[in-house]
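Just so it is clear, the model here is predicted, and its values are computed rather than measured. Scope of the values below: all heavy atoms of this structure, side chains included, with no hydrogens, waters or symmetry mates.
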Amino acid sequence: TISFFALLTEYKSLNKRGYSKTVLNEKLNSFISLPIFLFLMVTLASIFAVGNVKKTQNFYYIFVSIFTCVIVYYFKDLSIALGLTNKISLTLSVWMPIIAIFLFCTIGLIQVNEK
């Protein structure tokens with residue numbers, strides 16, 4: 001493990017030590033995308049919380065929110081695996097789950113505003 005600051009300051013020396021540029025760029029994109037990912041997950045959780053107006057559907061919203069979190073987790077792993085096998089670019093594999101969650105949050109916010 002390496003910190004974001006150390007990755008930025010020691011990028012060239014890590015590359016000279018034998019770390020490939022693709023792995024370093026993937027780590028860098030992962031560090032940059034993490035705060036955005038966490039913000040979108042909080043937004044998604046708030047959409048589920050605000051969308052739960054009726055008290056009779058608590059079980060349904062709990063099930064859907066847990067299922068959505070599991071899907072996001074596995075989609076993120078699948079995306080990284082596709083990037084590591086060069087099926088898609090590594091940068092796109094890091095940002096693809098964030099784009100998908102952003103679209104889902106946008107649709108959810110529109111639905112909450114309509115209620």
In terms of hydrophobic clustering (I, L, V, M, F, W, Y; side-chain heavy atoms under 4.5 Å; direct or indirect links), are [X] and [Y] co-clustered?
{"X": "Leu34", "Y": "Ile80", "result": "yes"}
{"X": "Phe31", "Y": "Ile36", "result": "yes"}
{"X": "Tyr19", "Y": "Leu84", "result": "yes"}

(request) Show your reasoning for whether side-chain contact (heavy atoms from CB on, under 4.5 Å) applies to Cys105 and Ile101. (result) CA-CA 6 Å; Cys105 286; Ile101 296 170; 4.0 Å; yes

For [X], which residues count as a side chain to side chain contact (heavy atoms under 4.5 Å, CB included) partner, sequence neighbours excluded?
{"X": "Leu8", "result": "Phe4, Leu28"}
{"X": "Ile110", "result": "Thr106, Glu114"}
{"X": "Ser3", "result": "Phe5, Ala6"}
{"X": "Ile107", "result": "Gln111"}

(message) Which residues end up grouped with Ile88 if you chain together Ile, Leu, Val, Met, Phe, Trp and Tyr wherever their side-chain heavy atoms are less than 4.5 Å apart?
(response) Phe75, Leu78, Leu82, Leu92, Met96

(request) Rounded to the nearest 0.5 Å, what's the gap from CG on Leu40 to CD1 on Ile99? Could you check? (result)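 CD1 of Ile99 is found 10.5 Å from CG of Leu40.
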
(request) Any chance you could measure Leu14, atom CG, to Ser20, atom OG, to the nearest 0.5 Å? (result)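 It is 11.0 Å, given to the nearest 0.5 Å.
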
(message) Keeping Ser30 on the side-chain end and Glu26 on the backbone end, is there a donor-acceptor pair under 3.5 Å?
(response)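 No, Ser30 side chain to Glu26 backbone: no donor-acceptor pair under 3.5 Å.
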
(message) Considering only residues two or more places apart or on different chains, which pairs with a residue in residues 4-18 satisfy side chain to side chain donor-acceptor pair (under 3.5 Å)?
(response) Tyr11-Asn25

(request) Before giving the answer on side-chain contact (heavy atoms from CB on, under 4.5 Å), spell out for Trp95 and Ile32 the whole-Å C-alpha distance, their side-chain angles and the decisive distance to 0.1 Å. (result) CA-CA 10 Å; Trp95 289 97; Ile32 292 170; 3.9 Å; yes

(message) Quick one about Ser89 and Thr91 (side-chain donor to acceptor, distance below 3.5 Å, no hydrogens or angles considered), yes or no?
(response)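 The criterion, which ignores hydrogens and geometry beyond distance, is not satisfied for Ser89 and Thr91.
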
(message) Looking at Phe37, I'd like to know if its CZ atom is crowded, meaning that more than 12 non-hydrogen atoms belonging to other residues, nucleotides or ligands lie closer than 6.0 Å.
(response)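 Correct, the count exceeds 12.
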
Table please: side-chain donor-acceptor pairs of residues 62-71 below 3.5 Å, with sequence neighbours left out.
{"from": "Ser65", "atom 1": "OG", "to": "Tyr61", "atom 2": "O", "distance (Å)": "2.9"}
{"from": "Ser65", "atom 1": "OG", "to": "Ile62", "atom 2": "O", "distance (Å)": "2.9"}
{"from": "Thr68", "atom 1": "OG1", "to": "Val64", "atom 2": "O", "distance (Å)": "2.7"}

